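Following: one structure in structure tokens, then a few remarks.
Every chain is numbered from 1, with letters handed out A, B, ... down the list of sequences. Everything numeric in this text was worked out from a predicted model, so none of it was measured.
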2 protein chains.
Amino acid sequence: MNDEHSFKGEKPNRTTLRHVANLAGVSEISVSRVMRNAPNISDKLRRKVMEAANTLSYTPNRVAGALKNQSSNLVAVVLPSMSNDVFAAVLDGIESELNEHGLHSVLGLSQYDHDRELQVIRELLSWSPMGIIMTGLHHSAPIPEMIAQLDIPVVQIMDIEGTPIGSAVGISHSKAAIAAADHLYGKGYRKIGYIGAWNERPERSRARRLAFEARLAKLGVPLVASVIVDERSSAVAGARTTADLLAEHPQIDCIFYANDDLAMGGLFYAMSANIDVPGDLGLMGFNGIEIGKATPLPLSSIQTPRFEMGQEAAKLLLAARTDGHRVVDLSFQVFEGKTA
Amino acid sequence: MNDEHSFKGEKPNRTTLRHVANLAGVSEISVSRVMRNAPNISDKLRRKVMEAANTLSYTPNRVAGALKNQSSNLVAVVLPSMSNDVFAAVLDGIESELNEHGLHSVLGLSQYDHDRELQVIRELLSWSPMGIIMTGLHHSAPIPEMIAQLDIPVVQIMDIEGTPIGSAVGISHSKAAIAAADHLYGKGYRKIGYIGAWNERPERSRARRLAFEARLAKLGVPLVASVIVDERSSAVAGARTTADLLAEHPQIDCIFYANDDLAMGGLFYAMSANIDVPGDLGLMGFNGIEIGKATPLPLSSIQTPRFEMGQEAAKLLLAARTDGHRVVDLSFQVFEGKTA
DNA sequence: AATCCGATTGACAACGATACCAATTGAATG
DNA sequence: CATTCAATTGGTATCGTTGTCAATCGGATT
């Protein structure tokens, strides 16, 4: 315990408007106005105040400001998890945009649990954020009402197939799955398998799988088999699962994965096992992560705009006051690697 | 614009303690006490209040609470960037611990810029967080004083070689570099090169390189060459730079990389170029990322405890009131892959 | 020089929750 | 049944900032 300097109760008492006002010889409200760059301030006043503020190294207390204003420069950001690179990229995008406007994220992780999400959102809303960004379109019942009480803009990210509470930005996961199916069919694959993980979290991956299956059926080449392993997605899991799936269904000539981590594992397995990719086995991932583009055979994948999604979400939030609620479809792209 | 329901100025006025108190027929302070689980509350009172609170779906306004209390359940978290997986993992660890105690992160990204960091920290501190977690041990001058004004605990992460403001948790980067040098030397490599990126951000990577160089010199096998490319770390950059470095210095038999992304690129390049790894070329990364363990030749690396670092940082923060400031050395491990 | 008007500045009362201290209750005691 | 003391409950002021409205200033006008 280094802090011997303060006896209990003898707080150093943060410097406030009042201190600055006294030193500058002006009223508190004037200091407040200068700090906020309010209009109609004389240069003389501004200079006096700024000088006093600097010598005291005064920082406005936003908590008090937010209380008075009923709103803050905080944005509630609710994501399922930080373990998934996808959400790190999204958060990066969100921050890049928010920071330009002096806003900050307060983070809440739902861990893919709806009850937990409710709890987290309740806590974040108690900070009177100026807006909220949340993941997906499905949430427990009380949430829309809670948000409505604060009358703040909402942006839901990742998915746009459904009914958003406010704005939404994302991609059509079913269209992406269809594009993947068409791509693989176009490459001549006819015995296609699917690999997912971790009980299909995020739930959007299930939508993709279903759309993928449906499309293949329609094309007359129904899915041969699909495996959803219990553990979390990882290259290691992808490698093992690929081996298992091929052992059980040797006729499979192509695998579509729930994400690139799994697909990379599949690719590594194929390399170790000397399987001819893309000749004897096609591999296709989802997301288009950076590292997949550096492998000896670049990984074919669906390129999703993760950073941009976050960025656009923040933009929608900021524009909501003037533009109202909107739905933005950021399109995906089929990344033509060399694995399918 | 969907929200036609509210004329300008006719705010739905958030439900407050007062509303609950009125409905329950008790005083505001009693409601406050029930909501906070204060001691000495009769069951009858508690029941009345809870019922009223539920029917009004009341949520306490933490902004007001924080103002009165001079502290909040927010933790300021200052990281350089979200683009780097390392910090995503650290943040994941931080959140995992904070969430168990009902705390939330307010995020600030410095983008590796000290002025920006100062600015961001100033803004975060204006929210009266109950603590602050920041990255590295070097910060612009006013920061320690600003934090001292609030009298909140500080934890600095990543590095422990230097003088922390409060607590610190991380690894010894110079020891890690020495371990890497010793490992490579022990494997018989004698013509060793180094590859870094992006002007050696984070700055800790420079410390590693210098310690690595010094150790090799001491072992009598001075570094053959080192390249720091301008662009950000990525596997693509690692592949290209590896090719360049080997072209210029064909005698190099081993490369130590600033991080695993670069090293993976090097490995992929070697695979494409049919270079015998680890026979003709040893490769060693830094961090021990998941995907490096799934490649046909698992990537040798220094395994760093990123998630644990975040978790421990949060623990130190929570314990600071009782335990004071501490420095925790989370040790790294040499991950024995098959590339060096 | 008196008047007027916009540009500045200030006084005061909130925002919602909580610490502090006072008031009330009720059960236990003699 | 009066008294005492702990357990509950309530009243009031306050955290630091800002919206509202009133007061003041200073130059331009006649």
Side-chain angles (χ1 to χ4, degrees), chain A residues 8-9 11-49 52-53 56 58-74 123 125-128 130 149-151, chain B residues 8-9 11-49 52-53 56 58-74 123 125-128 130 149-151:
Chain A
K8 205 144 198 159
K11 310 148 199 165
N13 264 338
R14 178 176 201 149
T15 55
T16 72
L17 274 185
R18 165 168 285 118
H19 303 150
V20 179
N22 286 345
L23 179 56
V26 301
S27 72
E28 300 179 21
I29 183 73
S30 291
V31 178
S32 168
R33 286 202 263 252
V34 170
M35 299 311 291
R36 284 177 295 147
N37 278 314
N40 295 337
I41 301 285
S42 71
D43 282 353
K44 202 178 67 180
L45 180 67
R46 182 186 309 283
R47 228 172 298 128
K48 278 195 294 187
V49 170
L56 296 179
Y58 165 73
T59 304
N61 184 335
R62 295 232 187 228
V63 176
L67 175 58
K68 178 64 192 178
N69 270 347
Q70 305 276 54
S71 102
S72 65
N73 68 348
L74 297 178
E123 291 179 5
L125 290 183
S126 75
W127 281 100
S128 293
M130 59 76 72
Q149 265 197 38
L150 293 193
D151 196 30
Chain B
K8 205 147 199 156
K11 311 147 198 167
N13 264 338
R14 178 175 199 151
T15 55
T16 73
L17 275 185
R18 165 167 286 117
H19 303 151
V20 180
N22 286 344
L23 179 56
V26 301
S27 72
E28 300 180 22
I29 182 71
S30 292
V31 179
S32 169
R33 285 202 263 254
V34 170
M35 298 312 290
R36 284 176 296 146
N37 277 312
N40 294 336
I41 300 286
S42 71
D43 282 354
K44 201 178 70 183
L45 180 67
R46 168 169 281 110
R47 228 172 299 126
K48 275 195 295 187
V49 169
L56 296 180
Y58 164 73
T59 304
N61 183 337
R62 293 231 188 229
V63 176
L67 176 58
K68 176 68 193 173
N69 271 345
Q70 306 276 52
S71 103
S72 65
N73 68 347
L74 298 179
E123 290 178 6
L125 290 183
S126 76
W127 282 99
S128 293
M130 60 76 71
Q149 267 198 37
L150 293 193
D151 196 32

Given atom CG of Asn69(A) and atom C1' of dG19(D), what is their separation to the nearest angstrom?
-> 9 Å
Straight-line distance of Leu67(B) CG to Asn61(A) CG, nearest 0.5 Å | 6.5 Å
Value rounded to 0.5 Å, distance of CD1 in Ile41(A) from CZ in Arg47(A) | 13.0 Å
Are the side chain of Arg36(A) and the backbone N or O of Ser32(A) linked by a donor-acceptor pair below 3.5 Å?
-> yes
Verify the contact: side-chain N or O of Ser30(B) to OP1 or OP2 of dG10(D), cut-off strictly under 4.0 Å; return yes or no.
-> yes
Please state how far atom CE in Met35(B) lies from atom P in dT18(C), giving the value in whole angstrom units.
-> 9 Å
Considering only heavy atoms, which members of residues 37-46 of chain A lie under 4.0 Å from some atom of DNA chain C?
-> Asn40(A), Ile41(A), Ser42(A), Leu45(A)
Whole Å only: how far is the NZ atom of Lys68(B) from the C1' atom of dA17(C)?
-> 8 Å
Spacing of Arg46(B) atom CZ and Arg33(B) atom CZ [to the nearest 0.5 Å] = 12.0 Å
Verify side chain to side chain donor-acceptor pair (under 3.5 Å) between Arg14(B) and Thr59(B), making sure each step is shown before the conclusion.
-> CA-CA 9 Å; Arg14(B) 178 175 199 151; Thr59(B) 304; over 6 Å; no
Donor-acceptor pair, side chain of Ser72(A) and main chain of Ser128(A), under 3.5 angstrom | yes
When you measure from the side chain of Tyr58(A), which nucleotide among dT9(C), dT18(C), dT17(D) comes out closest?
-> dT17(D)
Given side chains that start at C-beta, do those of Val31(B) and Val26(B) come closer than 4.5 Å, heavy atoms only?
-> yes
To the side chain of Leu67(B), which of dG16(D), dG10(D), dA19(C) is closest?
-> dG16(D)
Leu74(B) side, atom CG; Leu74(A) side, atom CG - distance, nearest 0.5 Å | 7.0 Å
Inter-residue atom distance Asn73(A).CG - Trp127(B).CH2, 0.5 Å rounding = 5.5 Å
Atom pair distance, as rounded to whole Å: CG in Asn61(A) and C1' in dC15(D) | 8 Å
Hey, can you pull the residues of residues 17-29 of chain A with a non-hydrogen atom under 4.0 angstrom from DNA chain D?
-> Leu17(A), Glu28(A), Ile29(A)
In whole angstroms, the gap separating C1' of dA17(C) from CZ of Arg33(B) amounts to 12 Å
Reckon Arg36(A) has a side-chain N or O less than 4.0 Å from the OP1 or OP2 of dT18(D)?
-> yes
Rounded distance (Å) that lies between atom P of dA17(C) and atom CD of Gln70(A) | 10 Å
